[in-house]
Structure formats: C-alpha cells, structure tokens
Amino acid sequence: MMARFRHWERPLAWWAAGIVVGVAAVLLTTAVTALVDDPGRLEDNGEIVILSGRDDSLGGQRQELVNQWNELHPDSRARIVELSALADAQRSEMLARAQSGRGDIDVYNLDVTWTAEFADAGYIQSLDESRIPEDGFLSGPLATCRYNGKLWALPFNTDVGLLYYRSDLLDLPPQTWKDLEDDVAEQRARSGNDVDGYAGQFADYEGLTVNALEAIGGAGGSVVDESGDVVIDDHRVAVTEGLDRLRKIAPTGVPALDEDSSTQLFRSGKALFMRNWPVKFKTLTEDLEGAPPVTFDVAPLPSDSGVLGGQNLAVAAGTDRPRAARALIEFLTSERSQQILFERGGLPATRKVVYSDPVVRERYEYVPTLERALEHAKPRPAQPHYARFSQVFRSAVDGFLRQSAPLPDDIQDQLVGALKGRLAPASDD
Ligand code: GLC
C-alpha cells in the first residue's frame, strides 16, 4: 500500500497532529534503564558530549530529546556537537577526534557503516548485551550495531532508500526499474525535457555508493553477498545493466546532487522521481517555506531494492562518564524517544512498537510503505574497512556514469583488497 498525499491537503493535519495533540499518547512505557544498574547514580563530573552528524529531523528533535534529558538529569547534562550534513565529512571529523585521544567525546552517533571501523580501532566500548531487552528493536538496525560477536551501540534512527514520485504525473509508482526507466523516457518526451528523471544522490560521497548499490540490486545484481564476500565478478551483466540504467534515468548530465540538493530539485518540479531517505517525506510535507507546490506520493524503491541506512549511538572508549553515557543512549533509544523522533521529526524509529501502534498507523498513512521498505532493506558490509571499499567502488561508478568508462577489469580484486584495508592504486585516489 502506498501513502497517498497531496501537498496542499495534509500539512494542517500533520501540524495539528504534532503541535496540538502532541505525539500519539499510546506508548505508556518508557524503557526501564537496564544498561546502568543504578540509574540514580551517574557521574556528575561534566557534560556528556555527543558527536553527531547534522540533525535532519524537522524541528531539531534530537536536540529536543537532549533538552528533556537535561531537565531530568541536571547533574549529568548532555550537549550535541553537530558536524556536517555529508556522511563522508562526518566520518573524517569523527575519526580525527577519536584519533586525537583527547577524550573529549563521550558518545558517537555513528553511521551504520562505521560501527565496525570504530569498534575495530578501539574507539568505542562494547555494551553488555545481557542487560538490554533487545526484542523491542527492529532486527535490521540492531544488527548494524554488532561486530565481531559483540554489541557496540544502540540504533538511534534507521533509514532506507524510498522512491518519491510525482503523483500528478503518474497514477502508480513503477514496480520495476525497467518501468521506472520507461516512465522517465515518456515524461521527458511529453514535457520537452522540462520534467527530468530520477533525482538521486550522485555527488562523489557515500550517497553515490548507496544509489549505485540500489540500482544494481534492482537489476538483480550484487556487489557483496550476505556473508560479506565480494561477488561483483559473478554479477557483471546485472551490475552493468543497473549502472547503465542509473546513467539513463539520472537528470541530464548526472549532476553532483546530495540529499538536500536532490530534494530541492524534486521540490522545484523538475524531476519526475526522487530517491531519498524517509525524513524528506516530512520535510517535503511540512517545511514548505519558499517552495512551489509539488504533488507527490512515496513508495518503496522498485523491486524493494532500498539500502539500509541509519545512525547508531556508541559510548566513546575514552569517556570518563561511561555510566551517564550509557544511560543517555538508553534514553535516546527508548520507545518514547523513538516515538518523538518519528512523529515530530520524521526520522524512522528503531523500535517496533512505534510502527505497530494503531494510532500511529492511522495518523501517518505512509507507515506501511516505510515498514515494507525497512523489512527488505539491504545492509552494507559491516566491516572495518568499509569506507575504503566504498571509495574504490564509487570511483568506478563515477567513471562509468560520468565518463562512460567500463568498470575496471580488476574491480573484484580492487574491492576485495579494499575490504582488507589495502591501499587503492594511486590512480584511483
Ligand atoms: C543517510 C543514511 C546513512 C548513509 C548516508 C549516505 O544519512 O542514514 O546510512 O550512509 O545517508 O549519504
């Protein structure tokens, strides 16, 4: 079932839901603190500093939750240090802070793909799994918190690629990537190229890796299998088909878009489709400042090929406030906090109860769409050298999309080497 939304019909309802009624008053429990044995006794020797990427939620809900924590814990106050909106820039900055050994960070809000890297490097502390009632979390996001048999974090918000489409121009979303390609061609012809193709994230950063993996998955191909082995050579035909399609459906010239600029393009009415994360649904429906109306619906990506994203909260290895850090993480990932992040901020919750609640389902029509996309979401490899792998992969993708260069003959070896931490050849740097 697809969410059906006319931009001018619903903002009032959403606004009313958020401000007047507040979040659905259906989750009566707040998680019992289990990560800390005596939650009344936290260290009070200074602020708990959370290093995090930009808060994309509507109304800055991460900060709102921290404000709530601070009211409840005046002696163990927390502060968010916010970094760039771009995943790669966040990672570099977080690594630099972790490597400095200054011990001035207590909690890292890590992209799902860096948990293994930070754990392996000894920058974060593992959590005692036996103390966490884990069955409340969605299993996919929780799995991204594990590495090497241990739990290193709790999932703050999850993410999955979704297909936003102009419902005034299309009756139904495409079910296959071939249909999507046909829709783009038809719309280009009909509009004299005024409404261009599929606004994805095509700039040279993690967004491009994700978009390429989704297009490849949509063609039935794989780059890495479920056990983390590189299998691109076995899937050359599908990989080429998927990337070829991405080149055709991308807006003309494959512009270097990121999450924000693809949203702007879609919002301006110049794209038939947008690939983006769920939080943009809320941004597009409620934060309409200066935007001409665009009528849209949202659907899972064709063939359910969306990639799993999200952020995980981990305790820094060098903190001298580990009890307070753990209690804060538990607070931020509790049912109540997850409900607020989703209902007010639009960030996909990591707790099952938020999706199954009848009030939430009735109020937010797109919940079944999101749920289905999350159910099928494909994780990226959880390995310490993932970032190098991603760089090597997308440098080949970039060449393919922008210079029509075929994938390198030795791409399989390059990717295997990258996952083992081998340096890429100088020409690929
Ligand atoms: C979002 C996702 C994250 C992904 C990033 C790529 O922040 O949550 O997992 O790596 O986008 O741009």
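Start at 1 and go down the list; that is how both ligands and their atoms are numbered. For this chain, numbers begin at 1 and follow the sequence in order. These figures come from a predicted structure and were not determined experimentally.
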Notebook entry, point to check: Tyr147 and Trp114: aromatic ring centres closer than 6.0 Å?
Noted result: no

Next item on the list: For Arg380, counting its heavy atoms only, list the atoms of ligand 1 lying under 4.0 Å from any of them.
Entry: 3 (C), 4 (C), 9 (O), 10 (O)

Next item on the list: Decide whether Ser167 and Thr295 meet the rule of one side-chain donor and one side-chain acceptor closer than 3.5 Å.
Entry: no

Item checked: atom 6 (C) of ligand 1 - nearest protein heavy atom and its distance -> Glu259 OE2, 3.6 Å

Checklist line | Among Asp196, Leu169, Asn193, Asp182, the one residue meeting side chain to side chain contact (heavy atoms under 4.5 Å, CB included) with Gln187 | finding: Leu169

Margin query: Residue-level breakdown please: for Arg91 versus ligand 1, do any non-hydrogen atoms fall below 4.0 Å on the side chain, on the backbone, on both, or on neither?
Written below: neither

Margin query: For atom 7 (O) of ligand 1, what is the closest protein heavy atom, and at what distance to 0.1 Å?
Written below: Gln311 NE2, 3.4 Å

Checklist line | Numbered atoms and elements of ligand 1 in range of Gly309, under 4.0 angstrom, heavy atoms | finding: 8 (O), 9 (O)

Margin query: Side chain or backbone, does Gly310 bring an N or O within less than 3.5 Å of an N or O on ligand 1?
Written below: yes

Next item on the list: Starting from atom 11 (O) of ligand 1, locate the nearest protein heavy atom and write down its residue, its atom name and how far away it is, to 0.1 Å.
Entry: Trp277 NE1, 3.1 Å

Check: Does Lys248 pair with Glu181 as a salt bridge, N-O distance under 4.0 Å?
Finding: yes

Margin query: If you count heavy atoms of other groups shown closer than 6.0 angstrom to CD of Gln99, is the number above 12?
Written below: yes

Note to self: Geometry only, no angles: is Thr113 polar-contacting ligand 1 at N/O separations under 3.5 Å?
What the structure shows: no

Next item on the list: Using only heavy-atom distances, determine whether the side chains of Gln90 and Tyr108 contain a donor-acceptor pair under 3.5 Å.
Entry: no

Next item on the list: May I ask you to list the atoms of ligand 1 that are less than 4.0 angstrom from any heavy atom of Tyr205?
Entry: 12 (O)

Item checked: Identity and distance of the protein heavy atom lying nearest atom 2 (C) of ligand 1 -> Asp159 OD2, 3.3 Å

Margin query: With a 6.0 Å cut-off on the ring centroids, do Phe266 and Phe273 count as close?
Written below: no

Notebook entry, point to check: How close does the nearest protein non-hydrogen atom get to atom 3 (C) of ligand 1, and which residue and atom is it?
Noted result: Asp111 OD2, 3.1 Å

Notebook entry, point to check: With a 6.0 Å cut-off on ring centres, are Phe281 and Tyr366 close enough?
Noted result: yes

Note to self: Could you check whether Lys378 pairs with Glu214 (Lys NZ or Arg NE/NH1/NH2 to Asp/Glu carboxylate O, under 4.0 Å)?
What the structure shows: no

Note to self: Could you check whether any heavy atom of Gln201 sits closer than 4.0 Å to an atom of ligand 1, since that is the contact criterion I want to use?
What the structure shows: no

Notebook entry, point to check: Under 3.5 Å, N or O to N or O, is Glu206 touching ligand 1 that way?
Noted result: no

